[in-house]
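What follows is one structure encoded as structure tokens, with my remarks underneath.
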Protein chains: 2
Amino acid sequence: MQKSLSREQKRQQKLDVILRNASKAFMERGYYKTSLDDIASMQNVTKPTLYYYIKNKEDILVKCEEVTCGRINAMLDDVMDDDVSGYEMLYHFIMRYIPIITDDVARCHVRHRGQMEDPELAKNSIQNHKDIENRVREIIRIGIKDGSIRDCNSTILAILLFDSLNGLTSWYKSDGPVKENELIEEVLKLVTQGVSGS
Amino acid sequence: MQKSLSREQKRQQKLDVILRNASKAFMERGYYKTSLDDIASMQNVTKPTLYYYIKNKEDILVKCEEVTCGRINAMLDDVMDDDVSGYEMLYHFIMRYIPIITDDVARCHVRHRGQMEDPELAKNSIQNHKDIENRVREIIRIGIKDGSIRDCNSTILAILLFDSLNGLTSWYKSDGPVKENELIEEVLKLVTQGVSGS
DNA sequence: AAAATATGTTACTATCGGGTAACTTTATAA
DNA sequence: TTATAAAGTTACCCGATAGTAACATATTTT
């Protein structure tokens, strides 16, 4: 029982490695220019071995999405449980969203979300994102209600916010010139105060 | 002479149609899932005919980029020539950027920028975008200097702004529920005032 | 130790799609 | 009206790669 658990863990670990390596490759070379042979050789295995962990190539994208959306929703559960103003909830959300999204697997998800060839999977993927977007809209609505956020179109605001935040994935590197703290501060200031001079 | 000009014009028109149709298909099905046969059949021609107008598949992306960046830079020439504050320049830029970017060819460019297989072309594409980004950073710096924009990291602000604006391309449809005027207003308010409640 | 199961490999198929060569038709120019 | 170039077609090649079948090895359970 103990051993079989460890086997299951090993399996999970190997899947994680596949997802991370594939994500990295997809971000560098793109999904279609990265072959399964490429991915397999990063793990020092051969292509058919991958099929022991994934159903097919597209399944990698699906699994990256599951992992990422799981993390985001767990974070939202936590943030929305707070007994604070909508503005503060939004503030916390942004603070905690940035570290989540600047991870290779999350980057991969953001870039490929909704682009699966199987229409059913694509639909699902889009819905997953809409669900998260709706939860943030709910935060905004709460903020408008309690007066901590100015009256605005919550739909448009949520989308613009996500575009900025998700856009980070294509340029922000945690080992780059911009420090994570500085980045979070700038984003929060922009969102809360805008650009107008005093 | 008159006739030969008209021939040249016809050629240009046909190229435009190719770019527009290809852009639409790339946005719907994705670049790799759209074959040149697909694109050709939209013009009721055969694949080899396309090679009379484009060098290869990637060249479509390059040409979409040329058209779009040309428009943006022309607009910036106009906006930056103004004898107004940095804030006003930024305001005008945003107002005029939105209609430009919500066009099929521009959408295609935004989605595929920097992703050419030929490294030289990819480098070029990234540089084109950086050039535009730098011009907007210059606007922001002017605004900070004249006090019309609050002191901030102009690099980060420019990137966040472009992410929001370019993100529009993936959801905004001019025939959708959100009117262009309303959209522009919301974006401008968010950028200038942020979300904080009074 | 033996049976069963998990994990991995080699070798292959089948398809798709970018690109080209050779040829035909249409339009411009002399 | 004939020569020349533009515009388009049919037919083909060929490289890449997702996915599979059949076989080999390691590991766990009985």
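Basis for what follows: all heavy atoms, side chains included, without hydrogens, waters or symmetry-related copies.
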Okay, side chain of [X], backbone of [Y]: is any donor-acceptor separation there less than 3.5 Å?
{"X": "A:Thr68", "Y": "A:Glu65", "value": "no"}
{"X": "A:Tyr172", "Y": "A:Glu180", "value": "yes"}
{"X": "B:Gln12", "Y": "B:Glu8", "value": "no"}
{"X": "A:Ser125", "Y": "A:Leu121", "value": "no"}
{"X": "B:Glu186", "Y": "A:Asn153", "value": "yes"}

Rounded to whole angstroms, how far apart are [atom1] on [X] and [atom2] on [N]?
{"X": "B:Glu8", "N": "C:dA27", "atom1": "CD", "atom2": "P", "result": "17 Å"}
{"X": "B:Leu50", "N": "C:dG17", "atom1": "CG", "atom2": "C1'", "result": "13 Å"}
{"X": "A:Asp37", "N": "C:dG8", "atom1": "CG", "atom2": "P", "result": "16 Å"}
{"X": "B:Leu61", "N": "C:dG18", "atom1": "CG", "atom2": "C1'", "result": "14 Å"}
{"X": "B:Tyr51", "N": "D:dC13", "atom1": "OH", "atom2": "C1'", "result": "13 Å"}
{"X": "B:Asn56", "N": "C:dG18", "atom1": "CG", "atom2": "P", "result": "11 Å"}
{"X": "B:Asp118", "N": "C:dG18", "atom1": "CG", "atom2": "P", "result": "17 Å"}
{"X": "B:Tyr32", "N": "D:dA16", "atom1": "OH", "atom2": "C1'", "result": "13 Å"}

Every protein N/O within reach of nucleotides 22-24 of chain C N/O, cut-off under 3.5 Å:
none

### Message
Considering every strand and a 4.0 Å limit on heavy-atom distances, what is the contact class for A:Lys14: base, sugar-phosphate, or nothing?
### Response
sugar-phosphate
### Task
For B:Tyr53, answer base if it contacts any base atom (sugar-phosphate contacts may also be present), sugar-phosphate if it contacts only those atoms, and nothing otherwise; contact means non-hydrogen atoms under 4.0 Å.
sugar-phosphate
### Cation-pi check, A:Lys33 onto B:Tyr32 ring (under 6.0 Å, within 45° of axis)
no
Go through [options] for me and flag the one nearest to the [X] side chain.
{"X": "B:Lys57", "options": "C:dG8, D:dT9, C:dG18", "result": "C:dG18"}
{"X": "B:Thr46", "options": "C:dG18, C:dT9, D:dT10", "result": "D:dT10"}
{"X": "A:Ser35", "options": "D:dA18, D:dT9, D:dA7", "result": "D:dA18"}

### Message
Can you tell whether the side chains of B:Asp16 and B:Arg20 come within less than 4.0 Å, N to carboxylate O?
### Response
no
### Query
Going by an N to O cut-off under 4.0 Å, is there a salt bridge joining B:Glu138 and B:Arg135?
no
### Task
Using the six-membered ring wherever Trp is involved, compare the ring planes of B:Phe26 and B:His112 and label them parallel, tilted or perpendicular (cut-offs 30° and 60°).
perpendicular
### Query
For the base of C:dG18, is there a side-chain donor-acceptor partner from B:Lys47 under 3.5 Å away?
yes
### Strand contacts (DNA chain C) in residues 17-26 of chain A, 4.0 angstrom heavy-atom criterion
none
### Task
Hey, which sits more toward the 5' end of DNA chain D by its nearest nucleotide, B:Tyr52 or A:Leu36?
B:Tyr52
### Message
I need the A:Thr102 OG1 to A:Trp171 CH2 distance, nearest 0.5 Å.
### Response
10.5 Å
### Query
Closer than 4.0 Å, any side-chain N/O of A:Arg11 to the OP1 or OP2 of C:dA6?
no
